[in-house]
Amino acid sequence: MKKMKRWISSGNASEENILQNIYIETIVSGGDGLARAEGKVVFVPLVIPGETIDLSIIEEKKKFRRGICRQIIKPSEHRLEPFCPYYGVCGGCNLQHMDYDYQLQVKKEILKDLFRKFAGIELHQDVRFVPSPPLAYRHRIQIHSDGKAVGFKKRGSDAIAAIEKCPLLTEPLNSHIAALSPDSFRGRKMLFNQGDSIFEEGDEREISYELLDRTIRFRADLFFQSNHFLLPELVKYVMEDLSPGEEALDLYCGTGLFSLFLKDRYKKITAIEMNPLTEKYYHSNMKGSDYSYYGFSLEQWIRKGLHRKHRHLDLVIVDPPRTGLSESVRSFLTQCSIDKLIYVSCDPVTQARDTKILLEKGYIMEDMRGFDFYPHSNHMENVVKFTRN
């Protein structure tokens, strides 16, 4: 790809509030660049650390400002021409103006900064971050329609950006979206691609997905990871070096992605998931295994006192939503006897916050690995492995 010498960010700003020759210091967890001007932090999208830019202020807050780049005075050597014609309009990608190797470096630095800030620890200089093929990696997507256009939400807006083709999607997904009529649905819809087939939200057909040496069953409207290249790598890392044991807990278990691989190593699996639609698929995926499934929230499970049955656990896996672990869940994890805890997260901010508390309560951080499930965006998956004193 050809290097890009100039990039003007989209946005509304007047000539009156332009700040000149502003240096971009770093990239923060949301993907924006951080600069300082006139005594305040300024967050600017679509820039790269080390660049000097002219920017316009578009939002003023008490402690910070938001700006947009008007001109790049000194571009980074890592700046490239974005390959997608919708970049800057579509809200999906925000790192596409950087070369891919540098994107990985940026994400490593974000992880190190967040764990320094929220967990109070310094990560190893060379944090392991597993790369993905940067194109055609998504086999699951949420598409939108307002009756006039089918596409993705625009950057910073609920308006729909009509798209003809997204370079990040598999070809069958792109073909399916191109054939969708804007008046065929309103709102949002999940799509899942397997082979030549497309499964839509509301479709009652069962998906049988081959993963490593297993088959996991679910349907299109239930959560499943979106990157078909990295999912096997994530599962292999989670299962790496797990010794056979008596009992494991799979918390926020979904349809049983991790349980499916744990069942041969542990005599008993206890699984908890609050989404009622997942239950029949979990039972199907775990058929023939010794397990207990609870179809309500983990907080309810704790309030009912069911956690008291588990005095000692060989392994606990948690894969919570972006909000991370609640206070009652953290309390359970720190009071129960647990040999090994594996924390899978899509939000390193809440994961770092929870890590601080776990470390204070006697856990030891054994290893960490990032997975670039979403190239060209700031989003990532991260796994931290803990043992106990």
Side-chain angles (χ1 to χ4, degrees), residues 209-218 222-225 231-275 278-302 304-320 325 329-345 354 358 361-369 371 381-389:
Y209 187 82
E210 301 298 322
L211 178 61
L212 299 174
D213 59 346
R214 308 294 163 93
T215 300
I216 184 167
R217 298 170 180 84
F218 55 96
L222 299 177
F223 175 76
F224 199 77
Q225 290 286 3
L231 182 55
E233 300 304 314
L234 175 71
V235 171
K236 283 191 285 187
Y237 177 67
V238 169
M239 298 298 146
E240 189 176 271
D241 299 327
L242 291 182
S243 301
E246 294 294 320
E247 185 175 9
L249 256 64
D250 187 359
L251 308 182
Y252 316 93
C253 66
T255 58
L257 173 64
F258 296 124
S259 292
L260 191 64
F261 292 87
L262 293 173
K263 65 182 184 179
D264 292 339
R265 305 191 192 197
Y266 297 89
K267 294 179 181 178
K268 175 72 179 293
I269 306 293
T270 298
I272 303 168
E273 171 58 56
M274 67 181 296
N275 184 349
T278 67
E279 183 169 359
K280 77 170 187 176
Y281 295 101
Y282 187 91
H283 292 315
S284 175
N285 291 325
M286 294 294 287
K287 187 175 181 180
S289 304
D290 185 6
Y291 68 92
S292 296
Y293 178 94
Y294 295 92
F296 40 75
S297 74
L298 185 50
E299 289 76 14
Q300 287 177 296
W301 182 76
I302 293 169
K304 290 175 181 288
L306 297 170
H307 64 295
R308 297 191 184 99
K309 298 179 180 179
H310 306 277
R311 296 298 181 186
H312 177 82
L313 292 160
D314 298 288
L315 172 72
V316 175
I317 294 180
V318 295
D319 187 2
L325 305 176
V329 173
R330 293 195 299 264
S331 178
F332 161 67
L333 293 175
T334 55
Q335 292 175 14
C336 187
S337 175
I338 299 170
D339 290 341
K340 192 178 189 71
L341 171 65
I342 300 178
Y343 190 151
V344 182
S345 175
D354 295 337
L358 293 170
K361 298 297 183 178
Y363 278 93
I364 298 169
M365 189 170 167
E366 182 183 51
D367 196 25
M368 165 190 276
R369 192 164 299 177
F371 293 83
E381 291 283 321
N382 195 46
V383 180
V384 180
K385 296 183 175 182
F386 299 93
T387 56
R388 291 299 285 269
N389 281 326

Here the pair of heavy atoms bringing M365 nearest to F386 is CA-CD2, 3.9 Å
Of all heavy-atom pairs linking L260 and N285, the shortest is CD1-O, 3.3 Å
Test salt bridge (charged side-chain N to carboxylate O under 4.0 Å, His left out) applied to [X] - qualifying residues, sequence neighbours left out:
X    : answer
E246 : K267
R388 : none
E233 : K236
R369 : none

Among all residues two or more places apart in sequence or in another chain, which pass the ring-ring contact (aromatic ring centres under 6.0 Å, His included) test with [X]?
X    : value
F261 : none
F224 : F192, Y209, F218
Y282 : Y291, Y293
H310 : W301

Name all residues meeting the side chain to side chain contact (heavy atoms under 4.5 Å, CB included) criterion together with [X]; count only those two or more places apart in sequence or in a different chain, and write none if there are none.
X    : value
S284 : R217
K309 : Y294, L306
N382 : L111, F115, Q351, M368, V384

Looking at I317, N275, I272, V329, which one forms a side chain to side chain contact (heavy atoms under 4.5 Å, CB included) with Y252? V329
Quick one: do D241 and K340 make a salt bridge, cutoff under 4.0 Å? no
Give a yes or no on whether the backbone of [Y] and the side-chain of [X] come within a donor-acceptor separation of less than 3.5 Å.
X    : Y    : result
R265 : A248 : no
K385 : Y237 : yes
E273 : G254 : yes

Pairs meeting criterion salt bridge (charged side-chain N to carboxylate O under 4.0 Å, His left out) with involvement of residues 250-259, two or more places apart: none
Compare all side-chain heavy atoms of [X] with those of [Y] and state whether any distance is below 4.5 angstrom.
X    : Y    : answer
L242 : D314 : no
T334 : L358 : yes
E381 : Q225 : yes
I269 : S289 : no
I338 : Y363 : yes

Please determine, by modelled atom types, if D354 and Y343 share a side-chain donor-acceptor pair under 3.5 angstrom. yes
